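No experiment lies behind these values; they were computed from the predicted model shown. In this chain, numbering begins with 1 at the start of the sequence shown.
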Amino acid sequence: MSKSTNQKTKLLCLYHMLLRQTDEEHPLSVPQIIERKSVYDDLEALRQFGLDVQCRKGKNSGWFIGERDFELPEIKLLMDAVQSSRFITQKKSDALIHKLEGLASVHQAGQL
């Protein structure tokens, strides 16, 4: 695999990690992400791509995804609609709820 392909894969892994593992209440510090100098360049590349990557300084400092496609209350509303639907089977309802949980960070998914 070429170096540029590794770089792209690394960037996509960082994107996935931020999307699934972080939210405003649960940022990751750079050492938690990985100890390497290029992480700042990768975070900036994700920001330039259009992802709302934010940095919080202070006591609970770290990096996280700010704005997401769906806010937590919107996901809860969609889950309630799926659960209360009479024409969706239980198996399909469970599958849809699992997909909806994937729209939130793992910390937020616990609230759902």
Side-chain angles (χ1 to χ4, degrees):
M1 200 179 286
S2 71
K3 186 175 181 178
S4 66
T5 303
N6 284 337
Q7 287 294 109
K8 291 175 186 177
T9 303
K10 180 179 68 167
L11 187 59
L12 292 172
C13 290
L14 177 60
Y15 167 73
H16 187 260
M17 180 191 315
L18 286 171
L19 197 61
R20 293 295 299 141
Q21 301 294 326
T22 70
D23 55 54
E24 192 170 343
E25 301 300 318
H26 302 92
L28 288 176
S29 66
V30 171
Q32 287 174 308
I33 294 171
I34 192 162
E35 290 187 33
R36 58 188 170 90
K37 205 170 197 173
S38 66
V39 72
Y40 295 105
D41 293 337
D42 293 343
L43 290 165
E44 183 57 31
L46 290 174
R47 192 178 291 139
Q48 289 177 1
F49 179 70
L51 193 62
D52 185 24
V53 177
Q54 297 185 16
C55 178
R56 176 186 302 146
K57 304 210 186 285
K59 182 180 176 188
N60 190 20
S61 64
W63 295 84
F64 62 95
I65 298 295
E67 188 175 320
R68 296 171 179 269
D69 290 337
F70 291 92
E71 295 176 10
L72 195 57
E74 294 171 326
I75 297 171
K76 287 180 181 180
L77 177 68
L78 291 170
M79 290 178 105
D80 289 345
V82 168
Q83 288 177 331
S84 64
S85 175
R86 293 186 180 132
F87 60 88
I88 300 176
T89 66
Q90 184 64 42
K91 184 177 178 180
K92 187 62 178 176
S93 178
D94 291 344
L96 286 170
I97 288 171
H98 182 70
K99 287 181 180 181
L100 287 169
E101 287 175 344
L103 297 173
S105 72
V106 292
H107 308 286
Q108 291 173 329
Q111 298 175 26
L112 299 171

Visitor: Find the distance between CZ (Arg20) and OG (Ser105) and round it off to the nearest 0.5 Å.
Guide: 7.5 Å
Visitor: Could you see if Ile97 belongs to whatever hydrophobic cluster contains Phe70? Use Ile, Leu, Val, Met, Phe, Trp, Tyr and a side-chain cutoff under 4.5 Å.
Guide: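 Linked, Ile97 and Phe70 end up in one cluster.
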Visitor: How long is the gap from CD on Glu74 to CG on Leu72, to the nearest 0.5 Å?
Guide: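 Interatomic distance, Glu74 CD to Leu72 CG, rounded to 0.5 Å: 9.5 Å.
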Visitor: Quick check on the hydrophobic clustering: are Leu11 and Phe64 connected, directly or via other members, by side-chain heavy-atom contacts under 4.5 Å?
Guide: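 No, Leu11 and Phe64 fall in different hydrophobic clusters.
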Visitor: Mind checking the CZ-CH2 spacing from Arg47 to Trp63? Nearest 0.5 Å is all I need.
Guide: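 Reported value, rounded in 0.5 Å steps: 5.0 Å.
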Visitor: Contact between Met79 and Glu101 at the side-chain level, heavy atoms closer than 4.5 Å - yes or no?
Guide: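 Yes, close enough: below the 4.5 Å cut-off.
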Visitor: How about CD on Glu44, more than 12 heavy atoms from neighbouring residues, nucleotides or ligands closer than 6.0 Å, or not?
Guide: yes
Visitor: If you draw a 6.0 Å radius around CG in Asp69, do more than 12 non-hydrogen atoms from other residues or ligands fall strictly inside?
Guide: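 No, not enclosed.
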Visitor: Between Asn60 and Pro27, what is the shortest heavy-atom contact and its length?
Guide: O-CG, 3.5 Å
Visitor: Could you pull out the closest heavy-atom pair between Leu96 and Ile88, with the gap in Å?
Guide: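 Heavy atoms of Leu96 and Ile88 come nearest at CD1-CD1, 4.2 Å.
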Visitor: If you round to the nearest 0.5 Å, how far is OG of Ser61 from CG of Leu28?
Guide: 11.0 Å
Visitor: Taking the side chain as every heavy atom from C-beta outward, state whether Glu24 and Arg56 have any pair of such atoms under 4.5 Å apart.
Guide: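 Yes, at least one pair of side-chain atoms sits under 4.5 Å.
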Visitor: To the nearest 0.5 angstrom, please state how far the CG atom of Asp94 sits from the NZ atom of Lys99.
Guide: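 Nearest 0.5 Å value for the CG-NZ distance: 12.5 Å.
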Visitor: Do Leu103 and Leu12 belong to the same hydrophobic cluster, where Ile, Leu, Val, Met, Phe, Trp and Tyr are linked whenever their side-chain heavy atoms lie under 4.5 Å apart, directly or via other members?
Guide: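 No; Leu12 is not reachable from Leu103 via cluster members.
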Visitor: Nearest 0.5 Å, what's the OG1-CZ distance between Thr22 and Arg68?
Guide: 5.5 Å
Visitor: Determine whether Ile65 and Asp23 satisfy the following criterion, side-chain contact (heavy atoms from CB on, under 4.5 Å), listing intermediate values before the conclusion.
Guide: CA-CA 6 Å; Ile65 298 295; Asp23 55 54; over 6 Å; no
Visitor: Looking at Leu18 and Leu46, what are the two nearest heavy atoms and their distance?
Guide: CD1-CD1, 3.9 Å
